[in-house]
Amino acid sequence: DEFRDCPGCPTLVVLPRGRFLMGSPEGEAVDELSENWHHLLQFEKPQVEVNIGYPLAMGKYEVTFAEWDRCVEAGGCSHDPDDEGFGRGDRPVLNVNRLQAEEYLRWLSKETGHHYRLPSEAEWEYAARAGTTTARHWGDEIGEGMAACVGCGGRWNGRSTAPVGSFPANDFGLHDMLGNAYEWVSDCYTRGHDGSPSDGSPRLEESPFWEDGTCTVHVRRGGSWASPAWEVRAARRKAINTRGPWGFAGDRYAGFRVVRELKPSGSGVYGSQSGSVREGGGL
């Protein structure tokens with residue numbers, strides 16, 4: 001089921017509840033990057049079982065420039081990001097840092113009367129896998145023309161972002177979970193999945209980078225248009241130090257996707273039975 005809370009709001013997809021293994025199994029991606037960099041794969045381990053046992057809706061696409069520009073025009077967002085010459089409209093917004101993404105989410109929540117936020121790492125990976133256990137939702141190999149990245153082939157192949165929805169959706173109906181733009185998640189970075197919550201919630205205070213109520217190292221997921229193929233996997237995690245040169249500036253690789261919390265309805269149905277987009281979900 002899909003719905004929107006207003007014209008111009010992100011289209012949302014209601015995710016099924018379920019369990020999955022977060023993280024990469026031994027051997028994944030070892031043939032896709034130099035042995036000198038194999039140690040980076042350890043930050044995706046161990047695999048842990050997570051239960052997404054609550055109702056949740058996630059953006060069908062990454063937030064676009066059109067959606068962001070609407071926030072700027074309404075005075076809800078103070079930052080006017082550069083599109084790097086790729087185009088605005090239905091391209092994923094870039095050059096947005098964590099604080100700026102959260103400004104958009106606060107504005108969208110106020111605009112709609114519903115709570116919008118960033119996904120947790122667990123929610124993001126659950127959505128990216130869409131019930132699969134392979135490195136990508138379409139299989140273990142990068143293939144040809146399945147995403148926008150370096151080595152993905154096709155029209156964009158490391159040249160630029162693609163308009164959202166240019167590639168096939170995964171089995172949950174979500175597009176561009178891999179490639180196109182890195183996506184911010186809500187967790188504070190840890191060096192692996194040891195001790196990760198099993199209920200889908202983010203890791204915050206438990207992180208070694210949580211200092212005096214503030215996170216200094218955040219997480220991005222999914223790879224970008226400029227990422228090598230090995231990074232374009234459901235398990236891939238990237239740490240971003242907010243005290244470093246990329247932390248508060250944003251960059252040409254990073255955007256985000258929204259999550260909207262849901263309350264169970266009496267019928268158990270959250271969106272349109274027909275599968276068409278329904279305005280004003282009212283959930």
Side-chain angles (χ1 to χ4, degrees), residues 1-18 50-64 66-79 92-93 96-128 164 172-174 177 183-188 196-207 210 213-215 218-222 254-272 277-283:
D1 291 326
E2 299 177 10
F3 67 93
R4 284 186 301 204
D5 283 326
C6 69
C9 286
T11 300
L12 300 168
V13 174
V14 179
L15 304 186
R17 307 181 199 206
V50 178
N51 178 32
I52 305 297
Y54 47 90
L56 187 70
M58 184 173 285
K60 182 176 182 177
Y61 311 108
E62 293 157 329
V63 171
T64 65
E67 290 161 349
W68 183 275
D69 289 344
R70 181 171 172 264
C71 179
V72 172
E73 290 165 5
C77 295
S78 57
H79 175 57
V93 70
V96 173
N97 67 29
R98 266 291 305 272
L99 297 178
Q100 292 156 351
E102 289 167 357
E103 187 177 33
Y104 174 87
L105 293 163
R106 285 193 298 272
W107 170 79
L108 188 60
S109 296
K110 184 177 180 180
E111 185 83 354
T112 63
H114 298 288
H115 184 207
Y116 282 82
R117 58 174 174 80
L118 292 174
S120 68
E121 276 205 79
E123 290 168 343
W124 187 95
E125 188 170 328
Y126 176 69
V164 298
F172 285 173
L174 303 173
M177 293 296 297
E183 299 180 17
W184 291 108
V185 293
S186 58
D187 298 59
C188 197
S196 291
S198 61
D199 62 357
S201 58
R203 298 181 83 173
L204 299 172
E205 292 91 343
E206 299 85 0
S207 167
W210 185 268
T214 302
C215 182
H218 291 282
V219 188
R220 291 179 187 168
R221 288 295 207 120
F256 66 105
R257 187 181 303 258
V258 304
V259 157
R260 206 267 246 176
E261 295 185 355
L262 300 176
K263 295 179 180 179
S265 65
S267 65
V269 177
Y270 300 100
S272 167
V277 175
R278 182 163 65 88
E279 302 287 358
L283 304 171

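Quick caveat, the model's predicted, so the values are computed rather than measured. Note that the numbering runs from 1 along the sequence shown for the chain.
Annotation: side chain of Phe3 is in contact with side chain of Val14 (closest heavy-atom distance under 4.5 Å). Within the 4.5 Å cutoff, no side-chain heavy atoms of Val259 are placed close to those of Ser186. Side-chain contact between Phe172 and Pro16 is present, with heavy atoms from C-beta onward closer than 4.5 Å. Side-chain contact between Glu123 and Tyr54 is present, with at least one heavy-atom pair separated by less than 4.5 Å. For the pair Trp210/Arg203, no side-chain contact is recorded, criterion being any heavy-atom separation below 4.5 Å from C-beta on. Taking 4.5 Å as the limit, some side-chain heavy atom of Arg98 sits within range of a side-chain heavy atom of Leu118. At a threshold of 4.5 Å between non-hydrogen side-chain atoms, the residues Trp124 and Pro202 do not count as touching.
Test Leu105, Leu108, Val258 against Val63 for side chain to side chain contact (heavy atoms under 4.5 Å, CB included) and you get one pass: Val258. No option in Leu262, Leu12, Asp5 other than Asp5 meets the side chain to side chain contact (heavy atoms under 4.5 Å, CB included) test with His114.
The aromatic ring centres of Tyr116 and Tyr104 sit 6.0 Å or more apart.
Of all the heavy atoms in Glu62 and Pro92, the pair that sits closest is OE1-CB, 3.4 Å. Between Cys6 and Arg70, the shortest heavy-atom contact is SG-NH2, 3.8 Å. Across all their heavy atoms, Cys188 and Val219 have their closest contact at C-CG2, 4.3 Å. Residues Gly8 and Glu67 share a closest heavy-atom pair of O-CG, 3.6 Å. Nearest heavy-atom pair across Arg17 and Gly53 is NH1-O, 3.2 Å. Contact record, Pro119 with Met58: CB-CE, 3.9 Å, taken as the closest heavy-atom pair.
Rounding to the nearest 0.5 angstrom, the gap separating the CG atom in Leu174 from the NZ atom in Lys60 is 9.0 Å. With rounding to the nearest 0.5 Å, the separation of CD in Glu183 from CE in Met177 is 5.5 Å. Between the NE2 atom in His218 and the OG atom in Ser207 there is a gap of 9.5 Å [rounded to 0.5 Å].
Residues meeting the side-chain contact (heavy atoms from CB on, under 4.5 Å) test with Ser198, sequence neighbours left out: none.
Between the side chain of Glu103 and the backbone N or O of Ala101, no donor-acceptor pair lies under 3.5 Å. Judged by distance alone, the side chain of Gln100 and the main-chain N or O of Asn97 form a donor-acceptor pair under 3.5 Å. With hydrogens and angles disregarded, no donor-acceptor distance shorter than 3.5 Å links the side chain of Ser120 to the backbone of Ser201. Judged by distance alone, with hydrogens and angles left aside, the side-chain atoms of Trp184 form a donor-acceptor pair with the main-chain N or O of Val96 at under 3.5 Å. A donor-acceptor pair is defined here as one N or O able to donate and one able to accept, closer than 3.5 Å; such a pair exists between the side chain of Arg257 and the backbone of Gly59. Put simply, the side chain of Asp187 gets close to the backbone of Glu121: a donor and an acceptor are under 3.5 Å apart.
The existence of a salt bridge linking Glu261 and Arg117 is confirmed by a sub-4.0 Å separation between a basic side-chain nitrogen and an acidic carboxylate oxygen.
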